[in-house]
Engineer: 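Below: one structure in structure tokens.
We use all heavy atoms of the structure for the numbers below, so side chains are in, but hydrogens, waters and symmetry mates are not.
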Amino acid sequence: MRTLLLLVAALVLATPGRAQDAQAIIGRSAKVYRSLRSLSADFVQVINNPMIDSAESKGTLVQAGPAKLAMRFSDPPGEAIVIDGQHIWVYTPSTVPDQVLRLKAPNGGPVYGYNLLAWFLDRPAERYKPSFLRTEQRNGQPVDVIQLIPTVPDLPFSKAVIWLDRGDGLPRRLEIQEESGASRTLDLSHLRVNQSVPDRTFTFQVPKGAHVVDQ
């Protein structure tokens with residue numbers, strides 16, 4: 001009985017520390033993320049939608065500052081999401097081969113709609129309650145696994161889990177439970193930071209034969 005009481009007491013005493021650690025861990029990562037001039041990574045994304053099916057995609061993600069992002073897909077080939085600072089371009093030839101969506105980018109701040117990293121690493125203390133889940137090894141490197149629960153209304157996520165590298169503080173994996181019932185995972189590898197990024201990276205060329213639909 002004495003051993004059990006000591007164990008319970010230890011768990012109670014550890015809980016505040018773990019919550020504090022979660023705040024410190026996600027706070028450090030947010031600070032690192034917002035200080036970057038650029039971030040490039042290879043990605044693998046899996047979307048599970050109970051109304052449709054699961055879909056896997058892969059490609060390269062490049063971000064420069066809060067307003068420019070390019071996700072260019074190698075599978076499905078040719079697909080792209082490009083944010084040039086003024087517009088958001090979405091091209092999915094695997095489903096609609098002759099159409100490009102063009103949306104007006106909002107003024108000020110990150111374009112959260114297509115920038116999953118910004119959703120969770122731009123001022124996370126203002127919109128999430130973090131909790132420490134565990135520590136893991138990914139590719140031989142220790143990562144802290146943090147759960148994020150929204151604390152403000154109108155976010156499209158009910159829960160997210162983010163894997164943060166202990167060395168550089170940057171994310172290696174995201175798991176997102178969306179309000180729609182779909183779930184999404186995003187695995188990042190071969191991260192490159194603060195490299196020079198050509199302007200053409202964030203220029204979308206409308207493919208021949210495709211028409212632009214403004215939304």
Engineer: Only one of I146, V143, L164 clears side chain to side chain contact (heavy atoms under 4.5 Å, CB included) with P171; which?
Structural biologist: L164
Engineer: Run the side-chain hydrogen bond (donor to acceptor under 3.5 Å, both in side chains) check on Q63 and Y33 step by step: do they pass?
Structural biologist: CA-CA 11 Å; Q63 180 179 344; Y33 174 77; 2.8 Å; yes
Engineer: Check the orientation of F157 and W119. Use parallel for under 30°, tilted for 30 to 60°, and perpendicular for over 60°.
Structural biologist: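 Correct class here is perpendicular.
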Engineer: Could you give the distance from OG (S40) to CG (N194), rounded to the nearest 0.5 Å?
Structural biologist: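 The OG atom of S40 sits 10.0 Å away from the CG atom of N194.
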Engineer: Above 12 or not: heavy atoms from other molecules or residues under 6.0 Å from CG of D214?
Structural biologist: yes
Engineer: With a 4.5 Å cut-off on side-chain heavy-atom distances among I, L, V, M, F, W and Y, is there a chain of contacts connecting L188 to V44?
Structural biologist: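 Shared cluster, no.
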Engineer: So, D75 side chain and P77 main chain: donor-acceptor pair closer than 3.5 Å or not?
Structural biologist: no
Engineer: If you round to the nearest 0.5 Å, how far is CG of L61 from CG of N115?
Structural biologist: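 Those atoms lie 7.0 Å apart.
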Engineer: For a 4.5 angstrom cut-off between non-hydrogen side-chain atoms, does Q99 reach H211?
Structural biologist: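 Touching, per the 4.5 Å side-chain cut-off.
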Engineer: Please round to the nearest 0.5 Å and tell me the distance separating atom OH of Y128 and atom CD1 of I26.
Structural biologist: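 Going from the OH atom of Y128 to the CD1 atom of I26 covers 9.5 Å.
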Engineer: Show the atom names and distances, to 0.1 Å, of all donor-acceptor pairs under 3.5 Å that link a side chain in residues 179-186 to residues at least two apart or in another chain.
Structural biologist:
| residue | atom | partner | partner atom | Å |
| --- | --- | --- | --- | --- |
| S180 | OG | A182 | N | 3.4 |
| R184 | NE | E178 | OE2 | 2.9 |
| R184 | NH1 | Q45 | OE1 | 3.1 |
| R184 | NH2 | E178 | OE2 | 3.0 |

Engineer: Please check if the side chain of R72 supplies one atom and the backbone of T201 the other of a donor-acceptor pair under 3.5 Å.
Structural biologist: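 Flag set: sc R72 to bb T201 pair under 3.5 Å.
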Engineer: According to a 4.5 Å side-chain heavy-atom criterion applied to Ile, Leu, Val, Met, Phe, Trp and Tyr, with indirect links allowed, do V46 and F120 form part of one hydrophobic cluster?
Structural biologist: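 No, V46 and F120 fall in different hydrophobic clusters.
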Engineer: Any donor-acceptor pair under 3.5 Å linking the side-chain atoms of T135 with those of D144?
Structural biologist: yes
Engineer: Taking the side chain as every heavy atom from C-beta outward, state whether V82 and I88 have any atom pair closer than 4.5 Å.
Structural biologist: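 A side-chain contact under 4.5 Å is absent here.
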Engineer: Treating Ile, Leu, Val, Met, Phe, Trp and Tyr as nodes and any side-chain heavy-atom pair under 4.5 angstrom as an edge, say whether V90 and V213 lie in one connected cluster.
Structural biologist: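 They do share one cluster, since a chain of ILVMFWY contacts under 4.5 Å joins V90 to V213.
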Engineer: Rounded to the nearest 0.5 Å, what separates atom NE2 in H87 from atom CG in L103?
Structural biologist: 9.0 Å
Engineer: Within the 4.5 Å heavy-atom criterion, are P124 and P130 side-chain neighbours or not?
Structural biologist: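 Result no, sub-4.5 Å side-chain heavy-atom pair not found.
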Engineer: Considering residues, nucleotides and ligands other than D199, do more than 12 of their heavy atoms fall under 6.0 Å from its CG?
Structural biologist: no
Engineer: What I'd like to find out is whether the side chain of R127 reaches to under 4.5 Å of the side chain of P150, using heavy atoms alone.
Structural biologist: no
Engineer: Answer whether the closest heavy-atom distance between the side chains of L174 and L116 falls below 4.5 Å.
Structural biologist: yes
Engineer: Measure from the side-chain N and O atoms of S54 to the backbone N and O of N48, and report whether any donor-acceptor pair falls under 3.5 Å.
Structural biologist: no
Engineer: Report the distance from atom OG of S131 to atom CG of L148, rounding to the nearest 0.5 Å.
Structural biologist: 7.5 Å
Engineer: Strictly by modelled atom types, are Q205 and Y91 linked by a side-chain donor-acceptor pair under 3.5 Å?
Structural biologist: no
Engineer: Is any side-chain heavy atom of I83 closer than 4.5 Å to a side-chain heavy atom of K68?
Structural biologist: no
Engineer: Has the side chain of S38 got a donor or acceptor atom that lies under 3.5 Å from a matching backbone atom of V193?
Structural biologist: no
Engineer: Please name the pair of heavy atoms, one in R34 and one in L121, separated by the smallest distance, quoted to 0.1 Å.
Structural biologist: CG-O, 4.1 Å
Engineer: If two hydrophobic side chains count as joined below 4.5 Å and joins carry through other members, does I47 share a cluster with L69?
Structural biologist: no
Engineer: Under 3.5 Å, is there a donor on one side chain and an acceptor on the other for S94 and E79?
Structural biologist: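 Looking only at side-chain atoms, E79 and S94 do form a donor-acceptor pair, the distance falling under 3.5 Å.
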Engineer: Starting from V197 and following side-chain heavy-atom contacts under 4.5 Å between hydrophobic residues (I, L, V, M, F, W, Y), which residues can be reached?
Structural biologist: V62, F202
Engineer: Are L117 and L36 joined in one hydrophobic group, where the rule is that I, L, V, M, F, W and Y side chains link up if heavy atoms are under 4.5 Å apart?
Structural biologist: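 Yes, L117 and L36 fall within the same hydrophobic cluster.
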Engineer: Could you check if a side-chain atom of L39 sits within less than 4.5 angstrom of a side-chain atom of L191, using non-hydrogen atoms only?
Structural biologist: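 With C-beta onward as the side chain, the pair touches.
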Engineer: Roughly how far, to the nearest 0.5 Å, is CD of Q147 from CZ of R134?
Structural biologist: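 Rounded to the nearest 0.5 Å, the CZ-CD separation comes out at 9.5 Å.
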Engineer: Evaluate the criterion side chain to side chain contact (heavy atoms under 4.5 Å, CB included) for residue pair F204 and R102; output intermediate values, then yes/no.
Structural biologist: CA-CA 10 Å; F204 182 79; R102 180 173 61 187; over 6 Å; no
Engineer: What do you reckon, are the aromatic ring centroids of F43 and F73 less than 6.0 Å apart?
Structural biologist: yes
Engineer: Can you name the residues that form a salt bridge (Lys or Arg N to Asp or Glu O under 4.0 Å) with D187, not counting sequence neighbours?
Structural biologist: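 Per chain and number, D187 pairs via salt bridge (Lys or Arg N to Asp or Glu O under 4.0 Å) with R138, R173.
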Engineer: When you compare the side chain of V161 with that of V145, does any pair of heavy atoms fall below 4.5 Å?
Structural biologist: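 Touching, per the 4.5 Å side-chain cut-off.
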Engineer: Should we count CD of E136 as having more than 12 external heavy atoms under 6.0 Å?
Structural biologist: yes
